[in-house]
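Take a look at the structure set out below.
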Amino acid sequence: MKAVALPIAGVLGTIAVWWAATVVFGIRQIILPAPPDIVAAFRAQPGYLLRETGATATETLTGFGLAVVAGLVVAVLLTAWRAVERAMLPVLVALNSIPKVALAPLLVVWLGFGSRPKVVLVVLICVFPVVVATMAGLTSTPAELGELSRSLSASPWQTYVKIRLPWALPQVFTGLKVAVTLAVIGAVVAEINNPGNGLGAVIVQSGMSLDTPLAFAAITLLAVLSTTLFYLVVALERWLVPWARAISG
Amino acid sequence: MKAVALPIAGVLGTIAVWWAATVVFGIRQIILPAPPDIVAAFRAQPGYLLRETGATATETLTGFGLAVVAGLVVAVLLTAWRAVERAMLPVLVALNSIPKVALAPLLVVWLGFGSRPKVVLVVLICVFPVVVATMAGLTSTPAELGELSRSLSASPWQTYVKIRLPWALPQVFTGLKVAVTLAVIGAVVAEINNPGNGLGAVIVQSGMSLDTPLAFAAITLLAVLSTTLFYLVVALERWLVPWARAISG
Amino acid sequence: GDDEQPDNGKPAADKVTYLTAFGAVGRDAFAWVAQEKGYFRDAGIDVTIQLGAATGENLKVLAAGQAQFANLDLTGTWILAGKGQYKDVRTIAAIHQQTLVSIISLEGSAVAKPKDLEGRKLGAATGSVNQLLFPAYATLAGIDQSRVQWVNAPPPQLPALLASGRVDALSTFLIGAKGLEKAAGGKKTIVNPYSAYLPELYGNGLIAPVSITQGNPDLARRFRDAALKGLAYTIEHPQEAAEIMKKAQPAADVTAAVGEITLMTPYVKTSGVIDKQRVAGAIATLEKNKLIPPGSLTPEAVVDFALAPTG
Amino acid sequence: MIDLERVSRTFTTRGGEVAALRDIDLEIAEGQFVAVIGRSGCGKSTLLRLMAGLLAPTAGRVTIDGSPVLRPRRDVVLMHQLPALLPWRTVLGNVMLPVEIQRLPRAEYQARAAELLDTVGLAGFHRRHPYELSGGMQQRVALCRALIQRPRVLLMDEPFSALDALTREELAAQLQEMHLTRPATTVFVTHSISEAVLLADRVVVLSARPGQVRRVLDVKIPRPRSFGHNAHVADAAACIAELHDLLY
Amino acid sequence: MIDLERVSRTFTTRGGEVAALRDIDLEIAEGQFVAVIGRSGCGKSTLLRLMAGLLAPTAGRVTIDGSPVLRPRRDVVLMHQLPALLPWRTVLGNVMLPVEIQRLPRAEYQARAAELLDTVGLAGFHRRHPYELSGGMQQRVALCRALIQRPRVLLMDEPFSALDALTREELAAQLQEMHLTRPATTVFVTHSISEAVLLADRVVVLSARPGQVRRVLDVKIPRPRSFGHNAHVADAAACIAELHDLLY
Ligand SMILES: Nc1ncnc2c1ncn2[C@@H]1O[C@H](COP(=O)(O)OP(=O)(O)OP(=O)(O)O)[C@@H](O)[C@H]1O
Ligand SMILES: Nc1ncnc2c1ncn2[C@@H]1O[C@H](COP(=O)(O)OP(=O)(O)OP(=O)(O)O)[C@@H](O)[C@H]1O
Ligand SMILES: Cc1ncc(C[n+]2csc(CCO)c2C)c(N)n1
Ligand SMILES: [Mg+2]
Ligand SMILES: [Mg+2]
């Protein structure tokens, strides 16, 4: 009961504050629409908005999935050989620091207009937190477990699969939680740059046609999408690493 | 020696691959300039570019500093009372999922053209990883240390200051490493939306005049800035939590 | 080969990608009209319409071969060609016979005429033609441009800045005026077009890379005619054109689009005609205002007169 | 002073229920030294946790000075079975933790901490970090931390388990001396019968899981006592033998 | 079989140098059972780590079967001073870890693991997780994990430190039995002199830090031995007394 009631209370409270602000300060719709305007914008074309949400969700999930796989692999490679870390981490940091907004147009130039540049942008934007968090997790194996694995002459592969990765899981999930919300943003940034479809396209176009409530309807759907994905990751964490809660207090 | 040679080798290798690609595939300068074009663009107006780098760095650091403080405070509040977490975390996730690119214009409308909206955007974009990582760290106190602090009747404040926060530090740094690169991106996104000054403005201007080498010079400076800040955070981590390396293996 | 031949014996349609000038707004509606009415299909072209962004970004997409045709701001495109940034495109038709760039302010605000801009904030897209042309305009209009405070912002944000009072005026396309009035809560706009002083400059036009104009002029001709047919229909039926666009792009706003189409109509010749003399005049204007180096462009270098409608 | 009335504690986990303690009745008088012995897993640590207010009984009640123990109390100190040292603090810093938390005068206690560390054989290691110490050294740091504040109630969970026989005896002697000069109510879990007999006024023998009080044995040997070398060898041997029989 | 030649080990840390072991000379024959005793912090764990190939000597060399120990070997098993269990694995899963890593036949060893767990008194806890166990129960799981693969060399660091006297004796008896039926070369660190005398062929007594070999005592009592209840009480008592004197 409480598990559902409190978050709902939190969200409703936030909406109430916002609504009150628009009324009290007499904020114009074009600057900040009130909740009912947004509901109206959604109800005007729900099918369209849901279809675009689906498009964004698909890009997000594909890119996120690829980023998780790539991030884990990169983190394992970087932690397995200190020389690789020394040589490649700065490159990774530098590449990661290229603002994706500046990169998005180039991706269209290189990869065209389909979903490919969008998925690539999602991967680029959300792989870094996965790498950093997984690396942190992989290098935090307690000394006695590290000794255990060495004294059993476990192969590097076994060390990772049986000891270091499971131990890193709680920290990997920190990365995934950050990454999943970035993934949504990545999809939107890509769509803004090539506004064929998706909620990013809705935001761009409604901006051009000055339909702020429609933009906010799209933003609200993004928030819902992002929150849903975040809590799916949280649920997965609860399911995969129940022991993490048990050994902490 | 090796500590410096390897990263340099990594960076040089990457540049070589890129250069070779532009030559082998005959890529046009406006699409992907070769390294010498970028060097030329930088040498054409070094003073200007460095000044803009300074502007971006200032916004980044101010926003990052605020985000670290805010992120730590929020994470402490969320982990101190489970009810607060239940009610507020979804709101935070939802707010975080608003694409900053969509929010930037509103910030300009609300806060004007100075550095304020830019710093605010930096905070908004990089506070979330700090919160998520700090929360993860704060909830990972080993059971026996939790019992220690309870059995000493430590006040909540003491528990955090003397036990939970120090224990969380390695994980906090995971968040900081992700956040600092996002902070740079946040500053650029803000500058793109109000391109008065900073490297984001340089990118916009050069995009308009199709001066891709200049855009890449700005992007390169961003990469340098971001990598420098990242390694400053790493240095701070080495200095503050030497014990984390000592107890892991 | 034979697989690509449809059963009815007609040759397979040419597949091309077309870029709009600025997302999905009224000035670009004609492309969807041509699509919906089957003009492209009848011309044997299978067109995919993509939403374009700023001039520079669109040119990059053309240069990379990801699109074959685009609707672009001709003045901006020619300035870039004159500066030697990207020359490998040719104009094949004009959509707007004059530049639509204007100073726009709200009724009752401090800026009623161009001269009032002195000491005021003027918003514009960073590095856009609006800014590039301003010195020339200011000189001709007698404005002390050193006293004008520029505020840079991306094009889609400009209306909100004016409506919220963050800037006193905008330098933007006049066809955005209807949307602005809506954004400003019904206040009327005051429009001062640059064309009052700079009549030689063109607005939007259709362009294609030389690989098309020289390598496949027939395709370019067919595309041009189909697009212009769409333009003609759009000018005659603004409401229907806006609705056609809305069907393809549900986020588009019909009222604003109709407003734009109506506002741009006086500047449109549906023949898409481009006059060599006027092109030379435009180039001279750009040279005179130091926007391009002297002697860097000839009309032939920017317009393919074999393809452009000339009469 | 410490009172357990029909206290039971059951752990409920995904794998089912485990009854750790059942119907424990125990009264410990102020200043008394009680040793607890029993087989591994019979609930000794659980018993200390209940007294420390870290765990609530599933049945019965635990009171100290007549008031129920609902949360940890400042006058009760638990020395955990694991050292539980803070890796970022030096040895001395770890010992000073309770002083800082309870805002006791720092300078005074700093001297006491240094003295305690020297007593347990850690002179020269004050500025080291826990990960530079051997297992037994870490345990001695934890012992100093438990002793620093001179609590009214001292709950110790196998405090000497990682120590060699000699160090054990030395420290047991130290502990006895402290108890004689300033008697804290002490509950001392150990696996060493002779240690229990050396230190305790009463020895509580728990049965195997679920832990129940099998017997409470009073050790009547006068203090100060020592291992073997005194006039009461026979008494001690009798106690040890009796406890041995109870356990086996 | 295991050979230490003038082995020293020093730890260098920010706080300065600590000499843990100095000039250790030790030869251990195949199948021999060697107990190591010495004061807390004298370098016993360091000694085992050197033999396990987890740590390199700062001087001297360690060889097994004549070849230097540069890294851990598959036929050498170390039971660490801490349980070092994987929290995400069940008790049984933890015991099976070496079997999985060394790709031994799973079914066969699964049965052996279950049997071992039952022997150490953990029947009914096979599917529990480590955090649901008491300290001594965790140590017994670690013991089973060390015993599962029947290694040629078994290095045990205070394997019974967290256990009660009875369980200790039972397990020591079990260990002796295993050693008799299938003798592994064993190095057994303990703080219990009587345990050392019960189990070992030779007892190595280390001096306090830096650890040096003070004496190697041969225990000549015939096997099987047991605590006190056999014909060799006197011999055992003599050994114990001698070791006691060496340590004190
Ligand atoms: N990683 C390390 N860094 C620094 N010093 C260390 C380290 N490991 C051990 N030492 C030092 O080496 C000495 C011997 O340690 P070791 O763990 O071998 O002792 P031990 O005989 O096993 O003690 P115990 O019986 O308490 O377990 C100690 O003084 C300890 O401080
Ligand atoms: N957190 C827990 N979850 C589930 N079961 C637990 C938990 N803590 C203890 N137990 C169970 O309670 C019983 C008693 O545990 P306790 O730690 O009190 O034993 P102990 O007497 O201290 O043993 P040892 O001498 O081995 O330390 C054990 O069977 C253990 O499995
Ligand atoms: C509402 C509005 N619509 C269009 C433009 C014009 N525009 C948009 S991008 C671009 C590129 C210039 O080279 C130009 C001219 C504007 N400023 N504001
Ligand atoms: Mg216990
Ligand atoms: Mg040791």
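So you know, we letter chains A, B, ... as the sequences are listed, proteins then strands, and number each from 1. Worth saying up front: this structure is predicted, and the values here are computed from it rather than measured.
Donor-acceptor pairing under 3.5 Å is lacking for the side chains of A/Gln171 and A/Thr134. Side-chain atoms of B/Thr79 and B/Glu85 include no donor-acceptor pair closer than 3.5 Å.
With chain A as partner, the option from B/Ile185, B/Thr227, B/Thr212 having the largest number of non-hydrogen pairs under 4.5 angstrom is B/Thr227. Looking only at heavy-atom pairs under 4.5 Å with chain A, the residue among B/Gly10, B/Gly146, B/Ala87 that has the most is B/Ala87. Heavy-atom pairs under 4.5 Å with chain B peak, among A/Ser97, A/Gly175, A/Ala179, A/Gly200, at A/Ser97. With chain B as the partner, the residue from A/Ala136, A/Ser140, A/Gly13, A/Ala143 showing the most heavy-atom pairs under 4.5 Å is A/Ala143.
Side chains of A/Glu59 and A/Glu191 form a contact here, defined as non-hydrogen atoms less than 4.5 Å apart. The shortest distance between side-chain heavy atoms of A/Val84 and A/Leu89 does not fall below 4.5 Å. Contact of the B/Val93 side chain with the B/Phe128 side chain is registered, since non-hydrogen atoms from C-beta on lie closer than 4.5 Å. You'll find the side chain of A/Leu138 stays beyond 4.5 Å of the side chain of A/Trp167, heavy atoms only. Side-chain contact between A/Leu145 and A/Pro142 is present, with heavy atoms from C-beta onward closer than 4.5 Å. At a threshold of 4.5 Å between non-hydrogen side-chain atoms, the residues B/Thr22 and B/Pro33 do not count as touching. Residues B/Phe216 and B/Ser206 fail the side-chain proximity criterion, which asks for heavy atoms closer than 4.5 Å.
In this structure, chain A has a heavy atom under 4.5 Å from the side chain of B/Arg82, while its backbone stays farther away. Of the atoms belonging to B/Ile98, heavy atoms from both backbone and side chain fall under 4.5 Å from chain A. Within the 4.5 angstrom heavy-atom criterion, no atom of B/Ile125 approaches chain A. Proximity to chain B is absent for every atom of A/Ala9, based on heavy atoms less than 4.5 angstrom apart. In this structure, chain A has a heavy atom under 4.5 Å from the side chain of B/Val188, while its backbone stays farther away. Looking at B/Tyr231, only its side chain comes within 4.5 Å of chain A, counting heavy atoms on both sides. Neither the backbone nor the side chain of A/Leu95 has a heavy atom closer than 4.5 Å to any heavy atom of chain B. Heavy atoms closer than 4.5 Å to chain A are found in both the backbone and the side chain of B/Pro90. Using a 4.5 Å cut-off between heavy atoms, B/Thr139 contacts chain A through its backbone alone, with no side-chain atom that close.
Evaluation of the side-chain hydrogen bond (donor to acceptor under 3.5 Å, both in side chains) rule for B/Thr60 yields no partner, not counting sequence neighbours. Applying the salt bridge (Lys or Arg N to Asp or Glu O under 4.0 Å) test to B/Arg238 and every residue at least two apart in sequence or in another chain returns nothing.
Chain A is approached within less than 4.5 Å, heavy atom to heavy atom, by B/Ile219, B/Leu222, B/Ala223, B/Ser226 from residues 218-226 of chain B, ordered by number.
Under the salt bridge (Lys or Arg N to Asp or Glu O under 4.0 Å) criterion, the residue pairs touching residues 170-181 of chain B are B/Lys177-B/Glu237, with sequence neighbours excluded.
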